[in-house]
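Position 1 is the first residue of the sequence; numbering continues from there.
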Amino acid sequence: MVNAMSPVRVRFAPSPTGMLHVGGARTALFNWLFARHHQGTFILRVEDTDDQRNTPEANEAIFSGLTWLGLDWDEGPNRGGPRGPYRQSERTAIYEGYLAKLQAADLAYTDADGSVRFRCPNTTRAIPDLICGETVFAGRTEPDMTVRRANGSFIFHFVNVVDDIEMGVTHVIRGEDHLPNTPRHLDLYEAFGVTPPHFAHIPLILNANGSKMSKRDEGASVAEYQSAGYHPEAVLNYLALLGWSPKEDRELFCREDLIARFTLGGITRGNAMFNLDKCGWLSGQYFHVMEPAPFRDMLLPYLTAAGLQTTADALPDSLLLELRTKVRMLSEAVPLLAALVQDDFPVDAAAVAKLRSQSDPKPLLDALATAFAGVGTWQAADLDAAIGRAAEGLGIKKGALMFPCRIALTGQSGGFGLTTILEQLGRERALDRLTRFS
Ligand code: GLU
């Protein structure tokens, strides 16, 4: 809920030049949490002034990733708001107006190449950063900063500052890679006679080996989590703990917990260490406690998209209660369910070879089929007793029947409990698979 009286206005300002990186998603999340904690306003601003590098796919990845993570924006593209438009490509007239202000004050001029330059003081600047503490950048002797290229397009620093002014941004929360840009941003604020916002630069994300995380690293793109079917609330939880700590000895924090606890003071000064396994573990934790109905709602479209022919009726609660303990991401459910929901399923050739090397499975499977055929009610206790009877008749241990039965029914050596598999397949399908296995 946005409280109109709250002065907090923050923004996520991605450039649509590639995928949505986990670092970007974390920046969006910290801004969103800060806004929600203070009942302020979270703005999405698309920084698309660089025609050469922007792509429609990158633009789509931002919307899709933020929506998947449940990071809703109060003002921005597709939503509107009083300080729009929210795509920089649509704000040229505003930038021209600000440029005219600089020119009128003789703070900007056109150079020999046709670019417009700002008479940047380049003075020493102390940035009172809310995370990094006061950081001093010495004055420089640099050529005047270009603010508009000869082709008419504006430079990032200029439009970024103009928009933060125009959109009434109170806190700039962004990656630490932008800290060295901030002195030049302060020069612009000063030129416009505007008090700058508060700055909070978030430390970087590093790989386990200490190198800076790049877009080529596994787990770098939010789209990977979407397509692998991680639990989005778990990814949100994971990203929140990547460089921020509520100083409590636990790992699971739901969205409301995070909003209640989030402060900029809780952001750690050191760089954050990325750990994809931990994210997977957390995702598993979220699935483990999911109620069958919402789990089914999340799972079904995923399975369909993965090519499994299934329906809600083919996924009873009992099956989902077992499945939820076995997966860390929805992609892991696909091979587990394939043999249970359709007749066309992959067979693990190595497992079949192992089975055949032990003994001829045919008599074992026939004995099982006979025992199952006599079962009164097709449910776990009776099925289990039937396996026992078959083993007794063959003079072998019950355990020795499990593996052949599992391979004949599902083609896989792991997966659900055998009685779950039998219940799920039903009498006809199960007997058919046992007798047809050859
Ligand atoms: N478009 C810039 C980026 O993606 C935004 C920088 C900022 O948040 O001020 O890095």
Side-chain angles (χ1 to χ4, degrees), residues 10-36 42-50 53-79 86-88 131 156-157 159-160 163-164 167 169 171-182 199-207 211-228 230 232-244 258 262 264 267-268 271-276 279:
V10 289
R11 83 307 191 269
F12 176 50
S15 306
T17 56
M19 62 192 191
L20 178 60
H21 191 274
V22 287
R26 184 189 61 157
T27 299
L29 172 61
F30 285 4
N31 276 283
W32 183 87
L33 287 172
F34 187 70
R36 294 291 171 264
F42 176 60
I43 303 165
L44 175 61
R45 180 172 81 222
V46 179
E47 302 213 321
D48 58 350
T49 52
D50 190 346
R53 297 179 61 220
N54 299 329
T55 66
E57 295 75 28
N59 195 64
E60 178 49 35
I62 294 168
F63 292 105
S64 150
L66 294 182
T67 305
W68 184 71
L69 287 167
L71 302 181
D72 54 329
W73 50 98
D74 308 307
E75 296 177 22
N78 307 346
R79 175 89 211 237
Y86 294 92
R87 289 182 196 278
Q88 290 186 329
I131 298 168
F156 157 71
H157 304 287
V159 293
N160 184 267
D163 283 348
D164 283 343
M167 294 181 183
V169 168
H171 297 73
V172 169
I173 305 169
R174 62 185 172 192
E176 199 178 306
D177 46 331
H178 285 291
L179 185 60
N181 295 329
T182 310
F199 289 98
H201 287 93
I202 314 167
L204 302 179
I205 301 176
L206 302 182
N207 289 311
S211 63
K212 181 172 181 263
M213 196 174 181
S214 87
K215 56 183 174 205
R216 284 170 299 280
D217 289 312
E218 194 191 1
S221 165
V222 173
E224 286 175 59
Y225 300 82
Q226 292 177 256
S227 62
Y230 281 72
E233 296 301 315
V235 177
L236 187 95
N237 186 156
Y238 177 71
L239 291 177
L241 297 180
L242 198 54
W244 172 78
L258 294 170
F262 190 80
L264 294 176
I267 295 178
T268 46
N271 292 324
M273 206 68 98
F274 186 73
N275 182 342
L276 191 58
C279 186

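- A donor-acceptor pair under 3.5 Å is formed between the side chain of Asn54 and the backbone N or O of Asp50.
- The side chain to side chain donor-acceptor pair (under 3.5 Å) test applied to Asn207 returns Ser211, Asp217, not counting sequence neighbours.
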- Determine, step by step, whether Arg79 and Leu44 satisfy the side chain to side chain contact (heavy atoms under 4.5 Å, CB included) criterion, reporting the C-alpha distance in whole Å, the side-chain angles of both residues, the deciding distance to 0.1 Å, and the verdict. CA-CA 9 Å; Arg79 175 89 211 237; Leu44 175 61; over 6 Å; no

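- Pairing each heavy atom of Ala61 with each of Gly18, the nearest pair is CB-O, 4.5 Å.
- Not a single side chain to side chain donor-acceptor pair (under 3.5 Å) links Thr268 to another residue, sequence neighbours left out.
- With sequence neighbours excluded, no residue forms a salt bridge (Lys or Arg N to Asp or Glu O under 4.0 Å) with Asp48.
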- Query: Step by step, would you call Leu276 with Tyr225 a side chain to side chain contact (heavy atoms under 4.5 Å, CB included)?
  - Reply: CA-CA 10 Å; Leu276 191 58; Tyr225 300 82; 3.4 Å; yes

- Assess whether side chain to side chain contact (heavy atoms under 4.5 Å, CB included) is satisfied between Phe30 and Val10, documenting all intermediate values. CA-CA 10 Å; Phe30 285 4; Val10 289; over 6 Å; no

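- Pairs of residues two or more places apart, or lying in two chains, that qualify as side chain to side chain donor-acceptor pair (under 3.5 Å) and include a residue from residues 11-24 are Arg11-Asp164.
- With hydrogens and angles ignored, the 3.5 Å screen pairs a side-chain donor or acceptor of Asp74 with a backbone N or O of Phe42.
- With sequence neighbours excluded, the residues forming a ring-ring contact (aromatic ring centres under 6.0 Å, His included) with Phe34 are His38, His171, listed by chain and number.
- Under the side chain to side chain donor-acceptor pair (under 3.5 Å) criterion, Glu47 pairs with Arg45, Gln88, Asn160, not counting sequence neighbours.
- When the salt bridge (Lys or Arg N to Asp or Glu O under 4.0 Å) test is applied to Asp72, the partners found at least two apart in sequence or on another chain are Arg36.
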- Task: Determine, stepwise, if the pair Met213 / Asn271 fulfils side chain to side chain contact (heavy atoms under 4.5 Å, CB included).
- Result: CA-CA 11 Å; Met213 196 174 181; Asn271 292 324; over 6 Å; no

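- Take Ala200 and apply the side chain to side chain contact (heavy atoms under 4.5 Å, CB included) test, not counting sequence neighbours, and it matches Leu130, Ile131, Ile173, Leu264.
- For Asn181, the side chain to side chain contact (heavy atoms under 4.5 Å, CB included) criterion is met by Phe156, His157, His178, His185, not counting sequence neighbours.
- Partners of Phe12 by ring-ring contact (aromatic ring centres under 6.0 Å, His included), not counting sequence neighbours: none found.
- Checked against side chain to side chain donor-acceptor pair (under 3.5 Å), Tyr86 has the following partners two or more places apart in sequence or in another chain: Glu75.
- Although no hydrogens or angles enter the test, the distance criterion places no donor-acceptor pair under 3.5 Å between the side chain of Tyr230 and the main chain of Glu224.
- For the side chain to side chain contact (heavy atoms under 4.5 Å, CB included) test, residues two or more places apart in sequence or in another chain that qualify with Ala234 are His231, Leu282, Ser283, Tyr286.
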